[in-house]
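One structure below.
So that the names make sense, note that chain A is the first sequence line, chain B the second, and so on, each numbered from 1. Remember, it's a predicted structure, so these values are computed and weren't measured experimentally.
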Protein chains: 2
Amino acid sequence: MARTAGSHSALTAPRIREAAQVLFAQQGFAAVSMRQIAAEVGVQVGALYNYTADKQSLLFDLMTAHLEDLLAALDARPLPEDPVAALEVFTRFHIRFHAERPDAVFIAYMELRNLTPDNFAAVEALRHRYEDRLTAILASGQQTGAFRIEDPRIATMAIIAMLTGVNTWFRQSGRLSLEDVEAIYWDMTRRMVAD
Amino acid sequence: MARTAGSHSALTAPRIREAAQVLFAQQGFAAVSMRQIAAEVGVQVGALYNYTADKQSLLFDLMTAHLEDLLAALDARPLPEDPVAALEVFTRFHIRFHAERPDAVFIAYMELRNLTPDNFAAVEALRHRYEDRLTAILASGQQTGAFRIEDPRIATMAIIAMLTGVNTWFRQSGRLSLEDVEAIYWDMTRRMVAD
DNA sequence: CCTTGATCTGAACAAGCGTTCAGATACAAC
DNA sequence: GTTGTATCTGAACGCTTGTTCAGATCAAGG
């Protein structure tokens, strides 16, 4: 019935997002309750509604924040003019960015079905913007003759699926460093499209 | 309170599995209720328990049936001795088999988190058996010099992620036939591992 | 110290969940 | 037609859900 001592919205808001992200990634959006998220944060369930309109908004905000960060981080890296060099930058960037946020990535790929149609459309638009960046690199390389690709759009889907697949098995504590993985996957990507 | 006219277990059992598969693929295991599945079949929720021990068993059975079908279908195809030819057979097989059962594939990849630890272990073992088949092809090719691969296990993960990714976009009604897609992906796969 | 606003608690609400099971009807065999 | 079995219905059980909101406490400012 009372405010928790030491409570402060600047602390609680990020803790809610973090708790939601971990639990959604571990168990899935529909399987996790708002009460579980609240317990993880250390508040009662009613407190969550000071920070999110509802459960659906919480998921949508997590997904769009991740995708907007992804796009912003990519935009912050000027891609080389040379398509081969640009593809290498993109490949390493994708692997590293995704490996550093496994929960957010997992949610962004796995929880699309739990979005309402409007939210789904908004998230798809962001995903397409990201995919378009790679398609542009591939189309440019196809045009200059640096790449031999039948269809840049399909090659985009293939490359992103392969690169994102790293997250299903890569562990920082594994026998390969992230640098090793980047090198191996860059080699495979390069050969996939090389003339 | 009474038996439905025309009811017959040989009809109801497959209908329950089919309804569960479609709904689990569309909405996710946790978001779908047993009542929804029953409604789709045309029975009351209590009737489902003549055919499945519980909701978790229903999911587990769908997943293992799919993976066992996958392994059996692969076993039914003698792979060529030549690693390159074997890899082509595997690639085309994987794409076709998966494209023909999008819901089952989707569930097998997306609903792992909803399995109990024991069930998860059993399903993982089946997935590893399938992955091992590709690793064996790649290791053989690496040994004979037909492939230049740094790590057959990682190449396996990369290839399967890429091939399974086809299911996220391919539609039978799309501008490309399944044959076209097989050809494009075989070309990319071959180049990824070629010496 | 008092006042105001911030931030939470705690319980309620309406609805739904997975699972069980007594009993009713349909079906098949004689 | 009778009997036994199959297959379901329908309701109950214990529990949980997402969301709301009146009110209690904490924090900050004057």
For [N], does OP1 or OP2 lie under 4.0 Å from any side-chain N or O of [X]?
X: A/Y49; N: C/dC8; value: no
X: A/S7; N: C/dA6; value: no
X: B/Y51; N: D/dC8; value: yes
X: B/S33; N: C/dC17; value: yes
X: B/Q44; N: D/dG10; value: yes
X: B/S9; N: D/dA6; value: no
X: B/T12; N: D/dC8; value: yes

>> Are more than 12 heavy atoms, taken from residues, nucleotides or ligands other than B/D118, located less than 6.0 Å from that residue's CG atom?
In response: no
> Can you tell me if CD on B/Q56 sees more than 12 non-hydrogen neighbours from other groups inside 6.0 Å?
Replying inline: yes
Rounding to a whole Å, what distance do you find between [X]:[atom1] and [N]:[atom2]?
X: B/Q36; N: C/dG18; atom1: CD; atom2: P; value: 9 Å
X: B/R3; N: D/dC8; atom1: CZ; atom2: P; value: 7 Å
X: A/K55; N: D/dT20; atom1: NZ; atom2: C1'; value: 17 Å
X: A/N50; N: D/dT19; atom1: CG; atom2: C1'; value: 12 Å
X: B/R15; N: D/dT7; atom1: CZ; atom2: P; value: 14 Å
X: A/L48; N: C/dT9; atom1: CG; atom2: P; value: 10 Å
X: B/Q27; N: C/dC17; atom1: CD; atom2: P; value: 11 Å
X: B/D54; N: C/dT19; atom1: CG; atom2: P; value: 5 Å

>> Taking the minimum atom-to-atom distance to the side chain of A/M34, which one of D/dT19, C/dG18, C/dC8 wins?
In response: D/dT19
> A/V43 has a side chain; which of D/dC8, D/dT19, C/dT9 sits nearest to it?
Replying inline: C/dT9
>> Considering every strand and a 4.0 Å limit on heavy-atom distances, what is the contact class for A/V32: base, sugar-phosphate, or nothing?
In response: sugar-phosphate
>> Does B/A47 reach a base, just sugar-phosphate, or nothing at all? Heavy atoms under 4.0 Å.
In response: base
>> Can you tell me how the ring of B/H98 sits relative to the ring of B/H66, calling it parallel under 30°, perpendicular over 60° and tilted otherwise?
In response: perpendicular
> Out of curiosity, A/D61 CG to A/N119 CG, how far, rounded to the nearest 0.5 Å?
Replying inline: 8.5 Å
>> Using the rule side-chain contact (heavy atoms from CB on, under 4.5 Å), only one of A/V43, A/L23, A/V45 pairs with A/I37; which is it?
In response: A/L23
>> Quick check on DNA chain C: between A/T4 and B/H8, whose nearest nucleotide comes earlier from the 5' end?
In response: A/T4
>> Quick check on DNA chain D: between A/G6 and A/F29, whose nearest nucleotide comes earlier from the 5' end?
In response: A/F29
> Would B/H94 and B/Y130 count as a ring pair (Phe, Tyr, Trp, His ring centres under 6.0 Å) if you check the C-alpha gap in whole Å, the side-chain angles of each, and the deciding distance to 0.1 Å?
Replying inline: CA-CA 10 Å; B/H94 182 105; B/Y130 182 70; 5.6 Å; yes
>> Base of C/dG18, side chain of B/R35 - is there a donor-acceptor contact under 3.5 Å?
In response: yes
